[in-house]
Amino acid sequence: MTRAIYFNGTLTPSPVLSHTELLIEKSASILRAEGVDVEIIRTVDHDLAPGVQPDMTEHGAASDTWPELWRRVLAADIIVIATPIWLGQASSVTRRLLERLYAQSGQLNDRGQSVFMNKVAGCLVGGNEDGMKHVASEVLYSMQHIGCAVPPQADAGWVGEAGPGASYGDELDDGSRAGYDNDFTNRNVRIMSWNLIHFARLLADGIPNEGNDRRQD
């Protein structure tokens, strides 16, 4: 079975409403309908120590839940990083997550490739100010750099008007929900979600290791 893991980079701990999670659900529902096993993790709920080592308790941290989360990432075929925009950037917990993923980039699979080589990455971005494409470019660059495959049009998101305003899924005065009827968002979430599924299926047998086997001289 194809497995997908979504990391919600909201700064709001559970169980409070997360607008980012509403955006995640729009994508996750497509994957579930295609038989993909979906797990959603709210990163802020976990004690991720800062650092770029697989287990930061071996480097002075009092605690670190990343090793347990890493086992779940390792089992996934699809990794989606979802984040709100703050000050034009991905959230602080999302940036820490990317650093912890990078900590595993030295690991190899049984073909001598990056352990991420046959995983597929996507990105969802939400907020009420512009910056969606900037954030997605940073996230997806990071994911392909560590070895993930990034399909065409692998990002989607929603941003409202600049300044204070409704966030994705907020109820508006007319009873509708902000962003739910946005054609651009709905189209791109659909395309991103299906391309993640397609690429995960294409990579089920793995990328050939000719030329990318790190064990070779």
Side-chain angles (χ1 to χ4, degrees), residues 4-12 18-31 36 38-44 48 73 76-102 104-105 114 116-117 119-163 165-169 178-200 202-203:
I5 190 166
Y6 288 76
F7 281 98
N8 179 355
T10 180
L11 299 181
T12 305
S18 163
H19 298 96
T20 305
E21 194 137 340
L22 296 175
L23 192 57
I24 287 172
E25 281 297 336
K26 183 173 286 291
S27 170
S29 64
I30 296 173
L31 272 64
V36 177
V38 172
E39 180 179 14
I40 300 171
I41 295 174
R42 194 177 294 203
T43 311
V44 74
L48 267 63
V73 174
D77 306 291
I78 297 169
I79 307 168
V80 181
I81 310 297
T83 180
I85 300 170
W86 292 111
L87 297 173
Q89 304 289 330
S91 70
S92 55
V93 295
T94 295
R95 297 180 71 84
R96 181 170 294 188
L97 170 67
L98 292 172
E99 291 169 348
R100 299 313 303 273
L101 288 166
Y102 181 61
Q104 311 294 152
S105 61
S114 164
F116 293 98
M117 182 64 74
K119 299 183 185 299
V120 181
C123 178
L124 290 168
V125 184
N128 62 6
E129 295 183 55
D130 199 8
M132 182 170 68
K133 292 179 180 178
H134 167 72
V135 169
S137 68
E138 289 193 332
V139 169
L140 291 176
Y141 168 79
S142 299
M143 296 304 287
Q144 66 81 30
H145 181 75
I146 61 177
C148 292
V150 177
Q153 293 183 257
D155 65 294
W158 181 87
V159 290
E161 295 181 358
S167 295
Y168 186 82
Y180 280 21
D181 61 353
N182 185 284
D183 292 337
F184 182 81
T185 296
N186 292 338
R187 183 196 70 190
N188 283 0
V189 168
R190 172 176 52 81
I191 292 172
M192 181 204 77
S193 302
W194 272 102
N195 284 348
L196 291 172
I197 294 169
H198 292 323
F199 264 54
L202 286 170
L203 295 179

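Residues Ala82 and Thr94 come closest through the heavy atom pair O-OG1, 4.0 Å. In terms of heavy atoms, Gly179 sits closest to Asn186 at O-OD1, 4.5 Å. Scanning both residues, Ala90 and Val135, for their nearest heavy atoms gives N-CG2, 3.7 Å. For Ala200 against Val120, the heavy-atom pair with the smallest separation is N-CG2, 3.7 Å. Minimum interatomic distance between Gly157 and Leu23 (heavy atoms only, all atoms of both residues): CA-CD2, 4.1 Å. Of all non-hydrogen atoms in Met132 and Ile85, the two that sit nearest each other are N-CD1, 3.6 Å.
Contacts of Asn8 classified as side-chain hydrogen bond (donor to acceptor under 3.5 Å, both in side chains), with partners at least two apart in sequence or in another chain: Ser18, Glu21. Thr12 meets the side-chain contact (heavy atoms from CB on, under 4.5 Å) test with Thr10, Val16, Arg42; sequence neighbours excluded. Under the side-chain contact (heavy atoms from CB on, under 4.5 Å) criterion, Ala76 pairs with Ile5, sequence neighbours left out. A search for side-chain contact (heavy atoms from CB on, under 4.5 Å) contacts involving Leu22 returns Leu17, Tyr168, Tyr180, not counting sequence neighbours. Listed by chain and number, the residues in a ring-ring contact (aromatic ring centres under 6.0 Å, His included) with His198 are Trp194 (sequence neighbours excluded). Checked against side-chain contact (heavy atoms from CB on, under 4.5 Å), Leu202 has the following partners two or more places apart in sequence or in another chain: Phe199.
Counting only heavy atoms from C-beta outward, the side chains of Pro84 and His19 never approach each other to under 4.5 Å. You'll find the side chain of Val93 reaches within 4.5 Å of the side chain of Leu11, heavy atoms only. Taking the side chain as every heavy atom from C-beta outward, Arg95 and Thr83 never approach each other to under 4.5 Å. When side chains are defined from C-beta on, Ile81 counts as touching Leu101, because their heavy atoms get closer than 4.5 Å. Side-chain atoms of Val189 and Leu124, non-hydrogen and from C-beta on, do get closer than 4.5 Å to each other.
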Checklist entry - Between Val80 and Ile24, is a side chain to side chain contact (heavy atoms under 4.5 Å, CB included) present by the stated rule, with each step listed? => result CA-CA 9 Å; Val80 181; Ile24 287 172; over 6 Å; no
Next on the checklist: side chain to side chain contact (heavy atoms under 4.5 Å, CB included), that's the test. Do Leu31 and Ile197 meet it? Break it down for me.
Outcome noted: CA-CA 7 Å; Leu31 272 64; Ile197 294 169; 3.9 Å; yes
Item to check | Stepwise side chain to side chain contact (heavy atoms under 4.5 Å, CB included) test for Met143 and Leu98 | outcome: CA-CA 8 Å; Met143 296 304 287; Leu98 292 172; 3.9 Å; yes
Next on the checklist: Assess the residue pair Arg190 and Lys26 against the criterion (side chain to side chain contact (heavy atoms under 4.5 Å, CB included)); give the C-alpha distance rounded to whole Å, side-chain angles, the decisive distance to 0.1 Å, and a yes or no.
Outcome noted: CA-CA 8 Å; Arg190 172 176 52 81; Lys26 183 173 286 291; over 6 Å; no
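Atoms NZ and SG, on Lys133 and Cys123 in that order, are 13.0 Å from each other to the nearest 0.5 Å. Summarising the geometry, atom CH2 belonging to Trp158 is positioned 8.0 Å from atom CG belonging to Asn182; distances are rounded to the nearest 0.5 Å. Distance check, rounded to the nearest 0.5 Å: CG of Asn128 to OG of Ser167 gives 5.0 Å. Going from atom CZ of Phe7 over to atom CG of Leu48 covers 8.0 Å, rounded to the nearest 0.5 Å. With rounding to the nearest 0.5 angstrom, the OH atom of Tyr102 is 10.0 Å from the CD1 atom of Ile146. Of the inter-residue distances, the one linking Gln89 atom CD with Glu138 atom CD reads 5.0 Å to the nearest 0.5 angstrom.
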